[in-house]
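In what follows, a single structure is set out as C-alpha cells and then discussed.
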Amino acid sequence: DLRYRLLAENVIDVIAAGDNGGRVTWISPSVATVLGWRPEQLVGSLWADLVHPDDRERLREVQDGLLHGKSARLEARVRRTSGEHLWMNIRVKPVLDDNGAVVARIAGMWDAENEHQAGEALARTEARYGAALSAKRDPHVFLDAVRGDDGTIVDFVYADANAAALSWLGRTLEELQERSLLTAFPGHRASGMFDAYVRTVETGEQLVEDERRLRSEILGTDAWFDFRGIQVLDGLSLSWRDVTTKVKTRNEIAEADERHRLLAENASDVVFRVFADGTVDWVVGSVAELLGRNDDDIRGHSALDLFVAEDLGDLEGTGVRLRHGETVVDTVRVMRPDGTHRWVSRRMRAVMADDGEHAAWYVLAISDAQAQVENQRALEESERQAQDLAQRYARARNEALDASREKTVFLSRMSHELRTPLNAILGFAQLLAMDELTVDQADAVHQIRTGGRHLLELISEVLDISRIESGRLSLSMESVAVADAVNEALDLVRPLADAAGVRVGRVDGAACVAQVWADRQRVIQVLLNLLSNGAKYNHRGGTVEVFCEPLPGELLAIRVRDSGPGLSADQIGHIFEPFDRLGAERTDIEGTGIGLTLSEALARLRSGRLEVSSEPGVGSVFSLVLPSSALRTGDIGVDEVEEVTPTLGGTAHVLYVEDNPANTHLMERIAGLRPGVRLTLAPNGALGLDAAMRDTPDLVLLDLHLPDMRGETVLSRLREMPGMHGVRIVVVTADASAGLAQRLTGLGADAVLTKPIDVGEVLGWFDRTIGGSGS
Ligand code: ADP
C-alpha cells in the first residue's frame with residue numbers, strides 16, 4: 001500500500017508488525033537509520049527484549065490490551081545496536097480477521113527523544129510552578145474564558161487555584177473547578193473587574209489594579225485590594241491581596257498629619273523639633289508673628305540663639321530634667337531680629353534615644369506670653385502699692401492707737417483737770433493785783449500771773465497736739481493770702497520783739513504775693529511761734545525777717561530768718577521733740593518746748609512741712625512750706641488775692657485716666673478723704689478725652705501707660721481742647737526721668753508724680769484744686 005509506504009518513510013520513523021506471541025514479524029528498513037539494527041536482525045525477536053527493563057511492565061500491559069483489541073500509545077526506551085536506549089513513541093493497533101479475532105498487531109514508532117525531554121522539562125517546570133503557587137500566600141487562580149457564539153468573552157470558569165485562594169474563597173478545588181465566575185461573584189460585573197479581566201485576555205496587557213476599593217462579597221464589607229493578572233492561553237492567571245489594613249492605616253496617618261498640619265498652622269504657638277545638639281530640625285506655627293523670622297532663618301540654627309541668654313538660667317540642670325522625662329515649662333524672652341524682646345511661655349520635652357540615656361531630639365513649644373507677663377507685672381506692682389499703702393495705714397493707725405490713744409486721753413483729761421484750778425489761780429491773782437500791794441507783793445502776784453498764763457498756754461498747746469494725734473483737730477481750710485497772714489503775725493509779735501530789743505519785719509518782694517491753701521488761724525499761729533522764737537532766741541539789736549520763696553510742685557515757703565545764736569546739727573535733730581528745750585530751760589527765756597512740735601504737726605497736717613536750717617553763731621531760718629492755691633502766683637496781685645478767697649468746702653471735678661484697676665481703686669479711696677472731690681475714671685486715652693470733652697474737669701490725673709494711645713498724645717490733645725487751657729494736668733508715671741519730666745512739662749503738664757503715688761501729694765493737689773477752683 002503506497003500510502004503506508006509514504007507514511008512509513010516520511011512521517012513515521014519505523015513501522016513494524018508483530019504476532020500475538022510478542023515477536024517481531026516484520027520491520028521497516030528505516031530501523032537501521034533510527035536504531036542501527038538491520039531488519040533481519042530483529043525479525044523473530046521478542047519486543048520485550050528490545051525495550052529497557054524499566055519499561056517492560058508497561059509494554060506487557062499494552063500487549064495484554066492488544067489481545068483484547070485495544071489500541072494504545074506507549075512511550076518506551078528501545079535498545080540501539082550501540083547498547084544505548086532511545087525514547088520512542090509507539091502506537092500499536094491490533095489486526096483483526098474477518099471474525100474480529102486478533103491475529104497480529106502493527107506498530108508505528110517514531111523518535112520521541114526531544115519530545116520526552118521537553119515533557120520532562122515541562123513536568124519539572126510544572127512541579128516547580130505548582131510548588132511556588134501553593135507556597136504563595138496571596139490567593140491565586142487560573143480562569144478560562146467562556147466565549148459566546150460571536151466569540152466574545154461572556155464569563156470565566158475557574159481552572160485552578162492555590163491553597164490560599166481556596167481558603168479565601170472557602171471552596172475545595174473540586175468545588176471550584178469549572179464553576180462560573182459571574183455566578184459565584186456577580187459583583188464582578190458592576191465593579192468593572194470583569195471588564196478588566198476581559199481586557200487582559202483580549203489584549204495580553206498585564207492587569208494591575210492597586211488599592212481597588214471593593215465591597216468584598218466574601219467579607220461583606222468594603223475592602224481594598226491589589227490585583228495582578230496576566231493572560232494565559234485563553235484565560236488569565238490572577239492573584240490578589242487584601243491591603244485594607246495598609247490603606248486604612250495610611251489614611252489614618254494622612255488624616256492625622258492633616259490635622260497636625262492644620263493645628264500647627266492655625267495655632268498661635270510655634271513648635272520646634274530640635275536635634276540633640278540643639279539645632280532646629282523643623283519649626284511650624286506662627287513663626288513670623290511670634291519670632292519675627294521665617295522658617296529658613298531658624299532651621300539648622302541653634303534653638304538657644306532665639307532666646308535672651310540671661311533668661312535661660314541653668315542650662316545643664318534643664319538638660320538633666322529633660323532627660324529624666326520631665327516637661328520643663330518656663331517663661332523667657334525671645335529676641336526678634338528688629339532688636340525687640342517678647343515674652344513667651346516655653347514647654348520643652350525630650351524624646352529619648354533607644355539607649356534610654358541620651359535625648360534623640362527635643363520638642364519645644366512656645367506661645368506668646370507678653371500680655372500675660374505685663375499684666376502680671378502690673379498686678380504685682382499694684383499689689384505692692386496696695387500693700388505698701390495698707391502697711392502705712394496700719395502703721396499709722398497702730399502708732400496712733402498705741403502711742404497716742406492713752407497719751408491723748410491722759411493729756412486731754414489732764415489739761416481739762418488743770419484748767420479748772422488754773423482759772424481759780426489766775427482769777428484770784430487778778431483780784432490780788434487790784435489791791436494796794438507792796439513792791440515785793442506786787443512782784444509776787446506778777447510771778448503768779450505770768451506762771452499761770454504760761455501754764456494755760458502749755459495746756460492749750462498740749463491739747464492741740466493731742467487733738468492732732470487723735471485726728472480730732474478740725475481745720476478750716478481756705479485760700480489764705482500769705483502777705484496778710486504774715487502782717488498779722490508780725491503785728492502780734494511786735495510787743496514781744498520790742499521788749500527784747502529785736503527788729504522784726506518783712507523783706508519786700510513779690511514772692512509773698514501768693515495764696516496758700518490752709519487754715520488761716522493756724523498759719524498765723526505757726527508764724528507767730530516762729531517769729532517769737534526768733535525774737536526770744538536772739539540778742540538785743542538783732543533782727544527777724546520774713547520772706548517767701550516759691551518751690552517746685554506748686555509749694556510756697558514762708559521763711560523766718562533770725563540773727564540769733566543758731567542751732568547745732570544735733571540740736572536740729574531733736575528740735576521737734578515735745579518738751580525738749582535744747583538747753584533753753586537753763587536760761588530765763590520763757591518757753592515750754594512744745595511750740596515747734598505743734599507747729600510741725602500743724603504744717604504736716606495740711607500737706608505742708610516745717611524746715612529748719614541754721615548756722616551756729618550766725619542765725620537760723622525756719623520755713624513753713626505749704627501748697628500754693630493759686631495756679632500762677634505771679635499773675636495775681638495782693639488785692640485780687642483777697643477777692644478770690646473761695647468758700648469753704650468747695651468742689652473739684654477730678655478726671656483720672658488710668659487703666660489699672662488697683663490704681664483707680666486707690667484713687668477712689670484717696671478721693672473719699674476729700675468730700676469736695678468728684679472723681680471721674682477713664683480706663684483709656686480715648687475715653688479720657690471723651691470725658692474731658694463732655695464735662696470739663698478741674699484737675700486731670702493722667703497715667704502715661706495707657707492701653708490704646710500714648711500718654712503724651714492724650715496730654716497734647718487735652719491741652720488743645722477748648723476750655724482745657726487753664727486746667728491742671730498732673731502726669732502720673734512709674735518712671736520719671738528728668739528728660740521725660742521736662743518733655744511732659746513742655747507738652748503742658750503742670751507736674752509729674754512718680755509711682756508709687758504719695759497719698760499726701762495727691763491730697764495736696766486735690767486741696768489746691770478745691771481752693772483754686774474759683775480762679
Ligand atoms: P520753747 O517754748 O522753748 O520756745 P519751742 O518748741 O518753740 O519751745 O522751741 C524748742 C527749742 O528750740 C527752744 O527751747 C530753743 O532752745 C530752740 N529754738 C527754737 N527757736 C529757736 C531759734 N530761732 N534760735 C535758736 N533756738 C531756737
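Values below: all heavy atoms of this structure, side chains included; hydrogens, waters and symmetry mates excluded.
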**Q.** Validation row: Ile558, Val546 side chains within 4.5 angstrom (heavy atoms)
**A.** yes
**Q.** Criterion side-chain hydrogen bond (donor to acceptor under 3.5 Å, both in side chains) on Glu374 and Gln370, from CA distance to verdict
**A.** CA-CA 6 Å; Glu374 277 172 12; Gln370 184 67 25; 2.9 Å; yes
Q.
One thing to verify: whether Arg719 and Asp750 come together as a salt bridge, which I'm taking to mean a side-chain N less than 4.0 angstrom from a carboxylate O.
A. yes
Q. Could you walk me through whether Val625 and Leu555 pass the side-chain contact (heavy atoms from CB on, under 4.5 Å) check?
A. CA-CA 7 Å; Val625 181; Leu555 295 169; 4.0 Å; yes
Q | N/O donor-acceptor pair under 3.5 Å between Ser614 side chain and Gly619 backbone | A | yes
Q. If you look at every heavy atom in Asp708 and Gly685, which pair is closest and at what distance?
A. OD1-N, 2.9 Å
Q) With no hydrogens and no angle check, is any side-chain donor or acceptor of Gln571 less than 3.5 Å from a backbone partner on Ser568? A) yes
Q: Identify which one of Glu611, Arg561, Arg559 satisfies the side-chain hydrogen bond (donor to acceptor under 3.5 Å, both in side chains) criterion when paired with Ser623.
A: Arg559
Q.
Measuring from atom CZ of Arg453 to atom CG of Leu455, what distance do you get when rounded to the nearest 0.5 angstrom?
A. 12.0 Å
Q: Tell me, with the steps shown, if Arg609 and Glu600 meet salt bridge (charged side-chain N to carboxylate O under 4.0 Å, His left out).
A: CA-CA 6 Å; Arg609 57 182 189 261; Glu600 201 269 339; over 6 Å; no
(Q) A side-chain contact here means heavy atoms from C-beta on lying under 4.5 Å apart; do Trp765 and Leu753 qualify? (A) yes
Q.
Please give me the minimum heavy-atom distance between Leu706 and Asp703, naming the atom from each residue.
A. CG-O, 3.5 Å
Q) Taking 4.0 angstrom as the limit, do Arg728 and Asp698 come out as a salt bridge? A) no
Q) Could you give the distance from CZ (Arg674) to CZ (Phe766), rounded to the nearest 0.5 Å? A) 9.0 Å
Q. Could you state the interatomic distance from CE (Met693) to CG (Leu718), rounded to the nearest 0.5 Å?
A. 9.5 Å
**Q.** Ala483 backbone acceptor or donor facing Asn487 side chain under 3.5 Å
**A.** yes
Q) Is NZ or CZ of Arg768 both nearer than 6.0 Å to the six-membered ring centre of Trp517 and within 45° of the ring axis? A) no
(Q) To check you understand the geometry: which heavy-atom pair defines the closest contact between Ala497 and Val504, and what is its length? (A) CB-CG1, 3.8 Å
Q | Worked verdict on Leu699 versus Val730 for side-chain contact (heavy atoms from CB on, under 4.5 Å) | A | CA-CA 8 Å; Leu699 170 68; Val730 176; 3.9 Å; yes
Q) Are Leu679 and Met667 close enough that some pair of their side-chain heavy atoms sits under 4.5 Å apart? A) yes
Q. Under 3.5 Å, is there a donor-acceptor pair between the side chain of Glu585 and the main chain of Gly583?
A. yes
**Q.** Donor-acceptor contact present, side-chain His341 to main-chain Phe307, <3.5 Å
**A.** no
Q. Is Glu545 salt-bridged to Arg506, cutoff N-O under 4.0 Å?
A. no
Q. Looking at Leu744, Val700, Val714, which one forms a side chain to side chain contact (heavy atoms under 4.5 Å, CB included) with Ile729?
A. Val700
Q | Test log, rule side-chain hydrogen bond (donor to acceptor under 3.5 Å, both in side chains), inputs Thr680 and Asp695 | A | CA-CA 10 Å; Thr680 301; Asp695 186 356; 5.4 Å; no
Q | Atom pair OG/CG of Ser479 and Asp767 - distance to nearest 0.5 Å | A | 11.5 Å
**Q.** For Glu590 against Lys536, the heavy-atom pair lying closest together
**A.** O-NZ, 2.8 Å
Q.
Could you measure the distance from the CG atom of Asp690 to the CG atom of Asn684? Nearest 0.5 Å is fine.
A. 9.0 Å
Q. How about Leu531 and Leu490: do any of their side-chain heavy atoms sit closer than 4.5 Å?
A. yes
**Q.** Test item: side-chain donor near acceptor, Glu554 and Ser628, under 3.5 Å
**A.** no
Q) Taking all atoms of both residues into account, what is the closest heavy-atom pair of Leu567 and Pro616, and its distance? A) O-CG, 3.5 Å
Q) Going from CH2 on Trp343 to CG on Asp368, what distance comes out if it is rounded to the nearest 0.5 angstrom? A) 12.5 Å
(Q) Between Gln521 and Gln525, do the side chains contain a donor N or O and an acceptor N or O under 3.5 Å apart? (A) no
Q: Before accepting this row, confirm whether a basic side-chain N of the pair Arg377/Glu380 lies closer than 4.0 Å to the acidic partner's carboxylate O.
A: no
Q: For residues Pro697 and Met724, determine if any side-chain heavy atom of one lies less than 4.5 Å from a side-chain heavy atom of the other.
A: yes
Q. Under 4.5 Å between any side-chain heavy atoms of Val480 and Gln515, yes or no?
A. no
Q) For atom CE of Met721, is the number of surrounding heavy atoms from other residues, nucleotides or ligands below 6.0 Å larger than 12? A) yes
Q.
Quick one: does any side-chain atom of Thr745 pair with a main-chain N or O of Ala741 as donor and acceptor, under 3.5 Å?
A. yes
Q. Has the side chain of Thr597 got a donor or acceptor atom that lies under 3.5 Å from a matching backbone atom of Phe576?
A. yes
**Q.** Chi angles and distances behind the side-chain contact (heavy atoms from CB on, under 4.5 Å) call for Leu598, Asn529
**A.** CA-CA 9 Å; Leu598 178 60; Asn529 179 239; over 6 Å; no
Q | Check: Phe622 and Leu596 side chains under 4.5 Å, non-hydrogen atoms | A | yes
Q. Is the closest side-chain heavy-atom distance between Leu689 and Met709 below 4.5 Å?
A. yes
Q: Return yes if some donor-acceptor pair links the side-chain N/O of Asp659 with the main-chain N/O of Pro683 below 3.5 Å, else return no.
A: no
Q.
How close do Leu556 and Cys548 get, counting heavy atoms only, and between which atoms?
A. CD1-CB, 4.4 Å
Q. Considering residues, nucleotides and ligands other than Arg717, do more than 12 of their heavy atoms fall under 6.0 Å from its CZ?
A. no
(Q) side-chain contact (heavy atoms from CB on, under 4.5 Å) for Glu668 and Tyr656? Distances and angles first, verdict last. (A) CA-CA 10 Å; Glu668 283 175 315; Tyr656 186 31; over 6 Å; no
Q. Is the closest side-chain donor-acceptor distance between Asp562 and Thr543 under 3.5 Å?
A. no
**Q.** Exercise: do Gln391 and Gln387 side chains pair donor with acceptor under 3.5 Å
**A.** no
